[in-house]
**Q** 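Provided herewith is a single structure, encoded as structure tokens, for subsequent inquiry.
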Amino acid sequence: MTTVRTRIAPSPTGDPHVGTAYIALFNLCFARQHGGQFILRIEDTDQLRSTRESEQQIFDALRWLGIEWDEGPDVGGPHGPYRQSERGEIYKKYSDELVAKGHAFPCFCSAERLDKVRAEQMANKETPRYDGHCLHIDPAEAQRRIAAGESHVVRMKVPSEGICEVPDMLRGTVEIPWDRMDMQVLMKADGLPTYFLANVVDDHLMGITHVLRGEEWLPSAPKLIKLYEYFGWEQPALCYMPLLRNPDKSKLSKRKNPTSITFYQRMGFLPEAMLNYLGRMGWSMPDEREKFSLAEMIEHFDLSRVSLGGPIFDLEKLSWLNGQWLRELPLERFAAEVQKWAFNSDYLMKIAPHVQGRVETFSQIAPLAGFFFTGGVTLDAKLFEHKKLSPDQVRQVLQLILWKLEALRQWEKDRITACIQAVAEHLELKLRDVMPLIFPAITGQASSVSVLDAMEILGADLSRFRLRQAVELLGGVSKKETKEWEKLLAGIA
């Protein structure tokens with residue numbers, strides 16, 4: 001009997017996302033329910049955006065939740081390496097095999113030509129897709145051009161007509177027409193694979209038997225199925241999980257909901273409650289109870305209990321469930337968790353140097369530094385009134401700074417300062433014009449301890465959350481403003 005093997009394969013390109021934890025949880029439960037193994041693989045072929053800092057955050061966030069893996073980059077295993085960036089020669093071998101078999105071909109089209117073709121197709125109300133320009137280049141001619149160092153990608157061939165039947169463990173057979181599929185790039189010009197090739201090769205070589213992934217990947221399933229067919233490999237069982245949604249039913253996004261796992265850790269949620277809540281996303285226990293542990297979920301796990309309606313990620317419901325967990329903790333554990341959350345010696349030692357020189361009695365510490373021990377802060381719009389800037393300009397400054405800080409991967413005082421400075425200079429402002437807006441957003445006060453030091457101590461998640469709160473308090477950002485200001489953002493160094 002084949003051992004069940006599932007996996008999660010996040011990209012280390014940003015904050016660890018609750019959607020990653022949700023999919024990881026269901027893969028873990030499915031594997032454990034069947035006495036199988038759960039693997040963590042890092043999809044880091046996007047060299048521009050992937051960072052080791054982000055990778056470590058993924059490890060830390062999943063472990064905080066209580067999700068452990070049997071094989072992965074940090075624990076090893078018999079099917080390594082578990083980082084795609086370290087598997088380049090493997091992908092090249094299989095890409096060359098597809099070209100040799102006539103299932104893929106080198107494409108020498110420039111980005112400019114592809115943009116022009118797509119623009120013409122869209123003008124004609126056609127589906128934008130590759131037009132097959134390099135499909136019939138003689139193989140010997142293609143090899144000559146490659147040997148001469150000409151830049152190229154490798155594309156897979158796909159049928160232009162007919163239907164692909166996708167077997168989904170939740171929906172049954174899903175029919176997807178082949179004319180919706182593009183001739184997918186498998187190997188990029190930099191010699192690294194795209195998601196499609198790396199995914200299929202890795203899942204096969206790592207013995208993955210069941211793939212539970214988000215339903216946003218369902219429309220592209222025919223390309224994965226076709227690759228298994230081209231290689232002559234047995235494909236794993238496929239399961240497309242419903243997407244997490246905001247309360248307004250839109251796809252979960254950080255613009256409307258905090259999506260970073262570490263945000264919830266910093267806000268003071270219990271990992272057991274967080275995992276419990278993610279388990280309630282589109283799934284239910286046989287007795288419909290709200291509160292259950294990971295061990296109980298594994299014991300009763302059954303994919304037939306997954307609901308296809310988009311599960312709503314509701315912060316109020318999560319807070320209610322967390323309250324249930326907190327109230328049922330033994331008192332000693334409750335006190336210990338509070339201490340571990342924010343009153344531990346490491347955190348207090350970061351804050352102490354900034355407070356010691358500003359107080360005359362210990363009783364002054366809470367009014368001065370209370371914002372270090374809360375999630376959000378109480379904001380007063382009057383504190384954002386500015387002598388030089390109009391209310392619209394204040395919103396713009398705060399939003400641009402927020403966007404710059406959302407892209408910051410190394411959360412250090414100097415880098416935080418550089419982001420704020422860059423926005424100020426681009427808008428022809430001085431740092432002293434901008435800082436009076438940062439103080440109330442982060443601390444809820446007009447002045448306090450050094451706000452830049454405070455941001456470093458609070459961390460990325462709470463700092464960004466508070467800036468987002470400030471922007472919302474001042475009226476938010478319209479769709480039109482978002483487009484205009486994003487263009488402005490692109491010009492900021």
**Q** For Arg83, check salt bridge (charged side-chain N to carboxylate O under 4.0 Å, His left out) against everything at least two apart and list the hits.
**A**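 Salt bridge (charged side-chain N to carboxylate O under 4.0 Å, His left out) list for Arg83, sorted by chain: Glu55, Glu86.
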**Q** Can you list everything that forms a ring-ring contact (aromatic ring centres under 6.0 Å, His included) with Phe108? Sequence neighbours excluded, please.
**A**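 Phe108 satisfies ring-ring contact (aromatic ring centres under 6.0 Å, His included) with His152 only.
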**Q** With sequence neighbours excluded, tell me which residues meet side-chain hydrogen bond (donor to acceptor under 3.5 Å, both in side chains) with Glu165.
**A**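 Residues passing side-chain hydrogen bond (donor to acceptor under 3.5 Å, both in side chains) with Glu165: none at all.
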**Q** Run the side-chain contact (heavy atoms from CB on, under 4.5 Å) test against Val99 and tell me which residues pass, sequence neighbours left out.
**A**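 Here the qualifying residues are Ala104, Pro106, Val154.
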**Q** How many angstroms lie between CZ in Arg129 and CZ in Arg180, if you round to the nearest 0.5 Å?
**A**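 Going from the CZ atom of Arg129 to the CZ atom of Arg180 covers 11.5 Å.
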**Q** To the nearest 0.5 angstrom, please state how far the CD atom of Gln421 sits from the NZ atom of Lys430.
**A**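 So the gap between those two atoms works out to 11.0 Å.
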**Q** Got a sec, which residues hit side-chain hydrogen bond (donor to acceptor under 3.5 Å, both in side chains) with His204, two or more places apart in sequence or on another chain?
**A**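 Testing His204 for side-chain hydrogen bond (donor to acceptor under 3.5 Å, both in side chains), a comparison that skips the adjacent residues, returns Trp233.
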**Q** Which residues pass the side-chain hydrogen bond (donor to acceptor under 3.5 Å, both in side chains) test with Arg63, not counting sequence neighbours?
**A**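 Result, side-chain hydrogen bond (donor to acceptor under 3.5 Å, both in side chains) vs Arg63: Glu68, Asp74.
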**Q** Who passes side-chain contact (heavy atoms from CB on, under 4.5 Å) against Leu135, sequence neighbours left out?
**A**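 With sequence neighbours excluded, Leu135 shows a side-chain contact (heavy atoms from CB on, under 4.5 Å) to Phe105, Lys157, Met183, given in chain and number order.
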**Q** Name all residues meeting the salt bridge (charged side-chain N to carboxylate O under 4.0 Å, His left out) criterion together with Glu53; count only those two or more places apart in sequence or in a different chain, and write none if there are none.
**A**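 So Glu53 forms no salt bridge (charged side-chain N to carboxylate O under 4.0 Å, His left out) with any residue.
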**Q** Is it true that Trp69 and Tyr82 have ring centroids separated by less than 6.0 Å?
**A**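 Judged by ring-centre distance (under 6.0 Å), Trp69 and Tyr82 do not meet the cut-off.
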**Q** Using the test side-chain contact (heavy atoms from CB on, under 4.5 Å), find all partners of Ala454 that sit at least two apart in sequence or belong to another chain.
**A**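 Per chain and number, Ala454 pairs via side-chain contact (heavy atoms from CB on, under 4.5 Å) with Phe371, Phe372, Val449.
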**Q** So, Phe26 versus Phe30, ring centres under 6.0 angstrom or not?
**A**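 Aromatic pair excluded; centres sit 6.0 Å or further apart.
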**Q** Sequence neighbours excluded, which residues qualify as side-chain contact (heavy atoms from CB on, under 4.5 Å) partners of Lys116?
**A**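 Checked Lys116 against side-chain contact (heavy atoms from CB on, under 4.5 Å); matches are Glu120.
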**Q** Does Gln399 have any side-chain hydrogen bond (donor to acceptor under 3.5 Å, both in side chains) partners at least two apart in sequence or in another chain, and if so, which?
**A**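 Partners of Gln399 under the side-chain hydrogen bond (donor to acceptor under 3.5 Å, both in side chains) test: none.
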**Q** Distance from Leu270 atom CG to Leu65 atom CG, nearest 0.5 Å?
**A**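 Taking CG in Leu270 and CG in Leu65, the distance rounds to 11.5 Å.
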**Q** By the side chain to side chain donor-acceptor pair (under 3.5 Å) test, which pairs, at least two apart or in different chains, include something from residues 169-178?
**A**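 Residue pairs passing side chain to side chain donor-acceptor pair (under 3.5 Å), neighbours aside: Asp168-Arg171, Arg171-Glu215.
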**Q** Under the side-chain hydrogen bond (donor to acceptor under 3.5 Å, both in side chains) criterion, do Asp46 and Thr13 qualify, and how do the steps go?
**A** CA-CA 8 Å; Asp46 184 341; Thr13 54; over 6 Å; no
**Q** Is there a side-chain contact between Thr51 and Gln410, using heavy atoms and a 4.5 Å cut-off?
**A**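 No; the side chains remain at least 4.5 Å from each other.
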